[in-house]
There are 2 protein chains.
Amino acid sequence: MNTTDIDATRLQDISAFDGSLAHKVYLALQEAILSLQFLPGQVIRKGPVCEKLGVSRSPVSEAIARLANEGLVDVIPQSGTRVAYFSMEDIREGTFLRQALELASVAKVAEDRSEDQFAQINRNLRLQTLLVEDLDYSGFYQADEEFHALLMLFTGYPRLKTVARMVSLQVTRARMLLLPTPGRATETLDEHQAVVDAIRARDADAAQRAMRHHLGQLMPRIEALAETRPELFQSR
Amino acid sequence: MNTTDIDATRLQDISAFDGSLAHKVYLALQEAILSLQFLPGQVIRKGPVCEKLGVSRSPVSEAIARLANEGLVDVIPQSGTRVAYFSMEDIREGTFLRQALELASVAKVAEDRSEDQFAQINRNLRLQTLLVEDLDYSGFYQADEEFHALLMLFTGYPRLKTVARMVSLQVTRARMLLLPTPGRATETLDEHQAVVDAIRARDADAAQRAMRHHLGQLMPRIEALAETRPELFQSR
DNA sequence: CTATGAAAACTAACATGTTAGTCAACCAGA
DNA sequence: TCTGGTTGACTAACATGTTAGTTTTCATAG
């Protein structure tokens with residue numbers, strides 16, 4: 001086994017997932033790529049994947065087709081498939097698209113929210129405060145994700161969350177390289193607080209400004225990674 | 001052949017397209033669905049499709065998987081595939097997503113555009129004027145599409161156009177039902193003019209307002225369709 | 001030692017065979 | 001006529017066989 005191959009044994013058991021076989025395989029591969037267990041540039045061979053997961057080539061091919069569509073892998077026709085390198089252009093674009101969707105969402109929610117919806121958002125924020133106090137960064141990360149998911153949910157548009165996730169998959173992967181720090185967690189909390197305050201006041205403009213400011217913090221931190229981990233970035 | 005089946009003979013020859021066979025099949029099916037040659041509720045059988053296009057089930061299956069992912073067809077597991085009905089919820093959501101992306105784009109372009117880019121946008125607008133004068137509605141539709149495509153192109157984000165198209169495929173299909181009228185074409189032209197004026201002035205806010213107003217004209221016209229053509233809409 | 005090119009080895013893409021889930025038609029019994 | 005169950009036809013999903021294009025290897029010529 002060449003060192004440029006993925007280590008298929010790292011794939012988690014697909015019986016944990018549900019849906020079609022192809023969907024299970026897709027989730028397993030995506031998870032491995034996003035968590036950086038499969039590194040950029042590594043070659044994905046169908047053989048080992050089929051063997052490890054105990055399925056035939058069909059569901060694996062379908063899964064890879066979806067990953068290629070999302071830009072997580074590059075398929076070289078008649079030749080091979082490899083885990084996509086990080087690309088600052090892709091990440092910038094993903095951030096832009098994500099921001100466009102988040103801004104539209106937060107404005108709509110600020111205008112249309114019910115009292116109960118606001119209560120749920122506020123409850124999530126208080127949970128975040130608690131987790132920061134307890135220095136539980138993994139929990140905080142989860143609550144952070146849920147905060148944004150709640151906003152999208154409350155727009156009443158079910159596909160929004162899915163689309164937002166899809167367009168910013170590269171960003172999600174890059175975030176895995178960012179180490180959580182007490183300082184950043186506290187800042188994040190303040191930024192979320194500003195968003196919630198604006199939603200409380202039903203001030204769509206202020207909510208957008210607060211969200212824009214919040215999301216604007218991410219890109220500079222990712223830019224720094226290109227220096228720290230150049231081997232993960234595009235072109236060889 | 002049941003009347004609820006698609007008429008596979010209406011598929012255009014795939015040799016006109018390029019890319020993999022699966023991609024060609026995908027384009028042919030998408031074209032047929034968007035142009036309403038395949039009507040909502042009709043059953044897509046792989047057999048006739050394979051026969052007409054002269055390919056095996058593999059590329060057809062892959063194409064259908066992509067269409068299902070985009071919401072243009074509904075796959076009932078182990079049972080069948082049918083052309084998706086129009087759904088006002090989907091169309092509203094598609095409009096929302098599209099607007100989010102268009103607003104972000106037009107703001108960025110208003111701020112960052114080069115002189116040459118503005119010239120191209122303005123040239124397109126003048127072409128639109130010409131086509132309206134000549135009552136060439138088909139040409140105007142095309143120029144309209146290109147107008148929005150140019151704005152997205154000039155953001156410098158290559159995937160933007162693709163994503164915007166994908167999220168609003170249902171809207172695109174619904175637009176096919178709207179008959180072009182001289183009045184609406186003239187209005188559209190004025191709305192585009194306002195957008196261009198704001199871009200000329202590098203006024204991002206005004207550009208967003210103008211674009212929001214422009215895009216806001218579409219949804220009411222589509223809403224009216226649910227009354228006119230209820231058989232195309234969801235639930236039986 | 002380097003350049004070259006032919007062929008072997010490997011791959012995605014495509015074709016086809018198989019399995020198992022769904023659904024409608026039919027029939028028996030009330 | 002209606003109900004409930006059984007069967008069989010049909011389908012997507014999955015498995016496997018085949019093809020054609022790409023890359024690497026390696027012998028040979030320069």
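Between His148(B) and His214(B), the ring planes lie parallel to each other; the angle is under 30°, not in the 30° to 60° tilted range.
When rounded to the nearest whole Å, the span between NE2 of His23(B) and P of dA13(C) equals 13 Å. Atoms CZ (Arg57(B)) and C1' (dA13(D)) sit 10 Å apart, rounded to a whole Å. The CZ atom of Arg82(A) sits 13 Å away from the C1' atom of dT11(C) (whole-angstrom rounding). Between Ile76(B) atom CD1 and dA24(C) atom P the separation is 10 Å, expressed in whole Å. Nucleotide dC10(C) holds its P atom 12 Å from the CG atom of Asp5(A), rounded to whole Å. Per the geometry, NZ belonging to Lys24(A) stands 12 Å off C1' belonging to dA13(D), to the nearest Å. The interatomic distance linking Ile64(B) (CD1) with dA12(D) (P) rounds to 7 Å, in whole Å. Between the P atom of dC14(D) and the CD atom of Glu62(B) lies a distance of 14 Å, rounded to the nearest Å.
Distances shorter than 4.0 Å separate none of the side-chain N or O atoms of Thr81(A) from OP1 or OP2 on dT11(C). At dA15(D), one or more side-chain N or O atoms of Ser56(A) fall inside 4.0 Å of OP1 or OP2 (strictly under the cut-off).
Out of dA15(C), dC14(D), dG21(C), the shortest distance to the side chain of Gln78(B) is found at dG21(C). Side chain of Pro59(A), nearest nucleotide from dA15(C), dT23(D), dA15(D): dA15(D).
More than 12 heavy atoms of other shown residues, nucleotides or ligands fall within 6.0 angstrom of atom CZ in Arg159(B).
Mapped onto DNA chain D by nearest heavy atom, Ser79(B) and Pro77(A) fall at different nucleotides, with Ser79(B) at the one closer to the 5' end.
Within 4.0 Å (heavy atoms only), Ser58(B) reaches at least one base atom of the nucleic acid. If you check every strand for non-hydrogen atoms under 4.0 Å, Ser61(A) touches nothing. Counting any heavy atom pair closer than 4.0 Å across all strands shown, Ser20(B) reaches sugar-phosphate atoms only and no base atom.
Between Phe233(B) and Phe86(B), the ring center distance clears the sub-6.0 Å criterion.
Checked options His23(A), Lys24(A), Gln30(A); the residue passing with Tyr26(A) is Gln30(A) (criterion: side chain to side chain donor-acceptor pair (under 3.5 Å)).
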Assess whether salt bridge (Lys or Arg N to Asp or Glu O under 4.0 Å) is satisfied between Arg10(A) and Glu31(A), documenting all intermediate values. CA-CA 11 Å; Arg10(A) 290 193 149 191; Glu31(A) 168 61 23; over 6 Å; no
